[in-house]
Each structure stands twice: as C-alpha cells, then as structure tokens.
Amino acid sequence: MNKTTTTVQTTKFDINKTLKSVTLYTWLASGVLFSCYVYFIGAITFSVIKERGLEEDKKTLISTIGEQELQYLNSQKTLTKDYAVQNGFVPAHLVSFASPQKAFAWNVGR
C-alpha cells in the first residue's frame, strides 16, 4: 500500500487583529453618528429660534398695519373738497363712466 500524503494548509486566524479592526470601525462609526446628531440638534434649534423671530416680526408688522389703518381712517374724515382745493387740486369738469356692453365672442373648443 502506498501512502499518499496530503498537505493541508492552515491559516492562522488572529483574533486580536480582528477585534482591533472591529473596535476601530465601531469608534469611527460612533464618532460619525455623534457628529450627525450634534449637527441635526443644532439645525433644529436654530430653525426654531429663526421661526420665533419671524413670528415676532409678523406680529410687529400686523401691529404697524393696524396703526397705519387707524391713521388713514382718522385722516380720511378730515379730507374735504375745500382741503383738496387748498392743496392745488381742481374739480373735474366732466365725469364719464364706462358702461358694460355685450361682447361678441366665439366659444371654440368648449
């Protein structure tokens, strides 16, 4: 009987190297995720602050519009023909108005 020898190549598996790689990638992923977390929390915070500022600006504008409307209504009561003439306006000689007429149109495509 002939003895045949077979050689089996074994590779050494270094568990320490694998654990170091896994640990390194875990720390890197944790750092990236933490950076994203900080960015998004900051973005949300600044967005809320900006929105509140816009709301305050809107309230201020609405208040200003209300004051201007009151001023207009009060000044409207004092406007008369005599006041207009004093400021250089002249009355119109002829007042003409347009009246609606029936229009001739083709309704194509309906």
* Would you say Leu73 and Gln76 make side-chain contact, with heavy atoms under 4.5 Å? ->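 They are in contact (side-chain heavy atoms under 4.5 Å apart), so the answer is yes.
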Checklist entry - With side chains defined as the heavy atoms from C-beta onward, is the minimum distance between Gln86 and Tyr83 less than 4.5 Å? => result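 The answer is yes, as the side chains (C-beta and beyond) meet within the 4.5 Å cut-off.
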Report the residues that fulfil side chain to side chain contact (heavy atoms under 4.5 Å, CB included) with Leu28, sequence neighbours left out, ordered by chain and then residue number.
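Expected list: Leu24, Tyr25.
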Across all chains, not counting sequence neighbours, the side chain to side chain contact (heavy atoms under 4.5 Å, CB included) partners of Leu61 are none
Any donor-acceptor pair under 3.5 Å from Ser63 side chain to Lys59 backbone: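 No: the side chain of Ser63 does not pair with the backbone of Lys59.
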**Item:** Thr26 side chain vs Val22 backbone, donor-acceptor pair below 3.5 Å
**Value:** yes
With rounding to the nearest 0.5 angstrom, report the [atom1] to [atom2] distance, [X] to [Y].
X     : Y     : atom1 : atom2 : result
Glu51 : Ile49 : CD    : CD1   : 11.5 Å
Ile44 : Tyr39 : CD1   : OH    : 10.5 Å
Lys20 : Lys17 : NZ    : NZ    : 10.0 Å

